[in-house]
Amino acid sequence: MESGEKGIKLRHFVEHKGFSRFILAVILFNAVLIGITTDEVIYENYQSIFIFLDVLILSIFTIEIILKLVVYRHEFFKEGWNIFDFVIVFGSLVLYNTHFVGVLRILRVLRVLRTISIVPSLKRLTNSLFLAIPAIGSVTILMGIIFYVYAIIGTSFFGDISPEYFGDVDLSVLTLFQVFTLESWASGVFRPIFAEVTWSWLYFVSFIVVSTFIILNLIVGEIVNNAQQLSEHARQESEDMQRVMNDLDELKQMIRKQDHQHNKSNKTG
């Protein structure tokens with residue numbers, strides 16, 4: 001019974017907002033620390049302090065993972081974000097003081113990504129992005145078809161005029177990708193061709209409208225839709241939990257009332 005109460009208290013401690021905020025503060029501090037260590041002059045002058053702080057931060061993360069493993073046990077690994085946190089912390093511990101310096105630096109940087117697993121809004125947004133991957137795959141195939149069609153058209157009509165941009169299909173695809181990103185497409189690609197072929201504006205404008213505006217809006221719309229569904233699901237779960245808590249409170253009041261009446265009847269008897 002006593003161990004059960006300790007387990008409940010430990011679970012409340014791990015799930016408390018103050019504990020999550022403390023871990024988030026440590027993650028943000030670790031991010032700032034990593035940025036400062038990129039300055040070699042500062043790092044060399046205060047190397048011992050940086051090493052101490054890095055060990056301290058890693059110790060805090062390790063204690064956090066251990067506490068969650070004690071509380072959730074095998075259920076801990078059922079959530080992908082917990083596995084992500086565990087791999088980062090465990091990898092940092094295993095590779096510490098080894099010759100795999102590059103991998104350790106990557107793991108230190110990846111600690112910053114643990115912000116996503118701590119902040120619920122970021123977690124929902126990232127989950128919505130993952131849910132949109134199948135739709136993004138279909139949109140990517142559609143975009144590839146559009147690129148290929150426009151690349152063939154560009155090579156056929158503009159290959160002789162601008163061979164450095166539309167000399168073959170491969171160059172045309174790279175050029176269209178530049179146009180897709182809207183990076184110097186007007187002055188670098190469009191205007192020299194427009195000076196030779198006046199109707200070329202129709203080719204470039206139609207490609208930008210189809211690829212940049214329509215296709216990207218499809219991807220963004222899918223992500224936003226998934227985010228709204230996840231938010232609605234989280235709200236429904238919160239309401240269900242609140243309803244259960246209210247029912248438990250009513251049940252506790254009924255039990256207390258019955259105990260009070262029972263004690264009263266025993267006294268009168």
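Throughout, residue positions are numbered sequentially from 1 according to the sequence presented.
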K.L.:
Roughly how far apart are W201 CH2 and F194 CZ, rounded to 0.5 Å?
P.N.:
9.0 Å
K.L.:
Return the CG to CG distance between N82 and L69, rounded to the nearest 0.5 Å.
P.N.:
8.5 Å
K.L.:
Are more than 12 heavy atoms from other residues, nucleotides or ligands located less than 6.0 Å from atom CG of D168?
P.N.:
yes
K.L.:
Do T155 and L171 have side chains that approach each other closer than 4.5 Å (heavy atoms only, starting at C-beta)?
P.N.:
no
K.L.:
Looking at every non-hydrogen atom in both residues, tell me the closest pair between Q178 and E183 and how far apart they are.
P.N.:
NE2-O, 3.1 Å
K.L.:
Treating Y165 as the side-chain partner and F190 as the backbone partner, does any N or O pair qualify as donor plus acceptor under 3.5 Å?
P.N.:
no
K.L.:
Nearest heavy-atom pair of S172 and G154: which atoms, and what distance?
P.N.:
OG-C, 4.4 Å
K.L.:
Do L174 and F207 land in one hydrophobic cluster if side-chain heavy atoms of ILVMFWY residues count as linked below 4.5 Å?
P.N.:
no
K.L.:
Atom CG in L53, atom CG in N30: separation rounded to 0.5 Å?
P.N.:
10.0 Å
K.L.:
Taking all non-hydrogen atoms of both residues into account, name the closest pair between Y203 and L176 and its distance.
P.N.:
OH-CD2, 3.5 Å
K.L.:
For residues F157 and W199, establish whether the separation of their ring centroids is below 6.0 Å.
P.N.:
yes
K.L.:
Is the shortest heavy-atom distance from the side chain of T62 to the side chain of L58 under 4.5 Å?
P.N.:
yes
K.L.:
Are any of the side-chain heavy atoms of F84 and V87 separated by less than 4.5 Å?
P.N.:
no
K.L.:
Taking atom CG of L67 and atom CD1 of I23, what is their separation to the nearest 0.5 Å?
P.N.:
8.5 Å
K.L.:
I want to check something: taking the side chain as every heavy atom from C-beta on, are F147 and V169 in contact at a cut-off of under 4.5 Å?
P.N.:
no
K.L.:
Atom CZ of F52 and atom CD1 of I57: how far apart are they, to the nearest 0.5 Å?
P.N.:
10.0 Å
K.L.:
Can you confirm whether E40 is buried at CD, in the sense that more than 12 heavy atoms of other residues, nucleotides or ligands lie under 6.0 Å from that atom?
P.N.:
no
K.L.:
Please verify the inter-ring angle class for F50 with Y46; under 30° counts as parallel, over 60° as perpendicular, anything in between as tilted.
P.N.:
perpendicular
K.L.:
Grab the two heavy atoms, one from V14 and one from F19, that are nearest each other, plus how far apart they are.
P.N.:
O-CD2, 3.2 Å
K.L.:
Starting from I63, can I reach I66 by hopping between I/L/V/M/F/W/Y residues whose side chains sit under 4.5 Å apart?
P.N.:
yes
K.L.:
Quick check: are there more than 12 heavy atoms from other residues, nucleotides or ligands sitting under 6.0 Å from OH of Y148?
P.N.:
no
K.L.:
Are the aromatic rings of F77 and Y72 close, with centres under 6.0 Å apart?
P.N.:
no
K.L.:
Check whether any side-chain heavy atom of F61 lies under 4.5 Å from a side-chain heavy atom of D85, and answer yes or no.
P.N.:
no
K.L.:
Side chains of V71 and F13: closer than 4.5 Å at any heavy-atom pair?
P.N.:
no
K.L.:
In the structure I gave you, are the side-chain heavy atoms of F22 and V26 within less than 4.5 Å of one another anywhere?
P.N.:
yes
K.L.:
Is S211 reaching over with its side chain to a backbone N or O of F180, donor-acceptor style, under 3.5 angstrom?
P.N.:
no
K.L.:
What's the shortest heavy-atom distance between V210 and I146, and which atoms?
P.N.:
CG1-CD1, 3.5 Å
K.L.:
Could you measure the distance from the CD1 atom of I51 to the OG1 atom of T37? Nearest 0.5 Å is fine.
P.N.:
11.0 Å
K.L.:
Quick check: does any side chain N or O of N45 sit under 3.5 Å from a backbone N or O of V41, one acting as donor and the other as acceptor?
P.N.:
yes
K.L.:
Quick one, I193 with F204, criterion side chain to side chain contact (heavy atoms under 4.5 Å, CB included). Give me CA distance, side-chain angles, the key distance, then yes/no.
P.N.:
CA-CA 10 Å; I193 297 176; F204 288 99; 3.9 Å; yes
K.L.:
For the backbone of F158 and the side chain of S162, can you confirm whether one donor and one acceptor N or O come within less than 3.5 Å of each other?
P.N.:
no
